[in-house]
Amino acid sequence: MIIRWRRQQDYFIVRLYQDLMGDWVLSESWGNTLNNKGSVHHTIFHCYHEARAQLREISRKQKSLGFKKTVSKEQQIELDFG
């Protein structure tokens with residue numbers, strides 16, 4: 001799952017995915033398109049529901065800061081390693 005927010009030139013992107021160990025990884029990327037500065041932070045969750053709760057909290061925070069979700073037509077594919 002990928003969710004993007006924008007506020008003028010500022011962006012905030014969250015990716016939620018399951019790693020090969022079965023943990024859920026919440027990756028947060030943020031920065032500014034004018035100065036190409038940004039940062040990334042990863043948080044590991046053992047439970048999908050905990051990761052989704054954190055994602056809801058991030059969404060509330062971004063909205064309170066004036067960010068708006070952007071619509072993306074990305075398609076994610078599932079790979080079967082089995």
Report the C-alpha separation of Asn35 and Gln9 in whole Å, then their side-chain angles, then the decisive distance to 0.1 Å, and conclude whether the side-chain contact (heavy atoms from CB on, under 4.5 Å) test is met. CA-CA 9 Å; Asn35 61 20; Gln9 289 78 25; over 6 Å; no

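- Here Tyr48 pairs with Trp24 under the ring-ring contact (aromatic ring centres under 6.0 Å, His included) rule; sequence neighbours left out.
- The side chain to side chain contact (heavy atoms under 4.5 Å, CB included) test applied to Gln8 returns no partner, not counting sequence neighbours.
- Met1 and Phe67 fall within the same hydrophobic cluster, defined by Ile, Leu, Val, Met, Phe, Trp and Tyr side-chain heavy atoms under 4.5 Å apart, directly or through other members.
- A heavy-atom distance below 4.5 Å is found between the side chains of Ile58 and Leu26.
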Can you check side-chain contact (heavy atoms from CB on, under 4.5 Å) on His41 and Trp30, steps first, answer last? CA-CA 9 Å; His41 182 263; Trp30 60 89; 3.8 Å; yes

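- In terms of the salt bridge (Lys or Arg N to Asp or Glu O under 4.0 Å) criterion, residue partners of Arg7 (sequence neighbours excluded) are, by chain and number, Asp10.
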Anything under 3.5 Å between a donor and an acceptor, one on a side chain of residues 11-22, the other on a protein residue two or more places apart or in another chain? List them.
residue: Arg15; atom: NH1; partner: Ser29; partner atom: OG; Å: 3.3
residue: Gln18; atom: NE2; partner: Gly22; partner atom: O; Å: 3.0
residue: Asp19; atom: OD1; partner: Met21; partner atom: N; Å: 3.0
residue: Asp19; atom: OD1; partner: Gly22; partner atom: N; Å: 3.0
residue: Asp19; atom: OD1; partner: Asp23; partner atom: N; Å: 2.9

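- Taking NZ of Lys68 as the start and CD of Gln62 as the end, the distance is 12.5 Å to the nearest 0.5 Å.
- Taking CD of Glu57 as the start and CZ of Arg60 as the end, the distance is 4.5 Å to the nearest 0.5 Å.
- In this view, Arg56 satisfies the salt bridge (Lys or Arg N to Asp or Glu O under 4.0 Å) rule with no residue, not counting sequence neighbours.
- Residues satisfying the side chain to side chain contact (heavy atoms under 4.5 Å, CB included) criterion with Asn36, sequence neighbours excluded, are absent altogether.
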